[in-house]
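Heads up: numbering here begins at 1 and tracks the sequence.
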Amino acid sequence: MSFCPKCGREIINESLGCPVCNQQQAEQIDRFVVEDDKGTYQKFENNQAYQPVEQTMHPALKVIIIALIILVGGVGAVAGLVGGIVLMKSPIADYQKFGKLVMIVSIVMLALSVVCCLLYGMLYGVAFMGMV
């Protein structure tokens, strides 16, 4: 945050200087005191240390992805495996965790698809053998 060293106002664009008093030099300061026209003083402090914002995926998007993996079936599970691998290679921790979850859900859905196909095949074979 840049403030004018002359009047204490916040400067948005340092290259243009202060918009109030036309001071050209801006500097980084953490606290300052400004006297207004009435003779009263206002103290301003910036106690917040800069902390980068952690990137996260929106929860609704996560729900939609998981729902698609479950509802689409085998193709969705294969797409989920590929997407999970891509997300797990991301440098963002939230994406890595979600990628692991996507991989687990995809593997479970693939296993259920295989079991259902085998059971259907067995039932169809038994029914076919009974008809012959």
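Through direct or indirect side-chain contacts shorter than 4.5 Å among Ile, Leu, Val, Met, Phe, Trp and Tyr, L119 is connected to V115. Using a 4.5 Å cut-off between side-chain heavy atoms of Ile, Leu, Val, Met, Phe, Trp and Tyr, V114 falls into a hydrophobic cluster with L118.
The salt bridge (charged side-chain N to carboxylate O under 4.0 Å, His left out) pairs that include a residue from residues 111-123 number zero, where partners must be two or more places apart or lie in different chains. Residues in residues 71-86 take part in no salt bridge (charged side-chain N to carboxylate O under 4.0 Å, His left out) pair, two or more places apart or across chains. Applying the salt bridge (charged side-chain N to carboxylate O under 4.0 Å, His left out) test to pairs two or more places apart or on separate chains, none has a residue in residues 98-115.
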Report, one line per pair, each donor and acceptor closer than 3.5 Å where one atom sits in a side chain of residues 63-88; sequence neighbours left out.
none

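For S113, the side chain to side chain contact (heavy atoms under 4.5 Å, CB included) criterion is met by no residue, not counting sequence neighbours. Residues that satisfy the side chain to side chain contact (heavy atoms under 4.5 Å, CB included) test with K62, not counting sequence neighbours, are M57, D94, F98.
Y120 and L112 fall into different hydrophobic clusters, where Ile, Leu, Val, Met, Phe, Trp and Tyr residues are linked whenever their side-chain heavy atoms come under 4.5 Å apart, directly or through other members. The hydrophobic cluster containing I107 does not contain I104, counting ILVMFWY residues as joined when their side-chain heavy atoms lie under 4.5 angstrom apart, directly or transitively.
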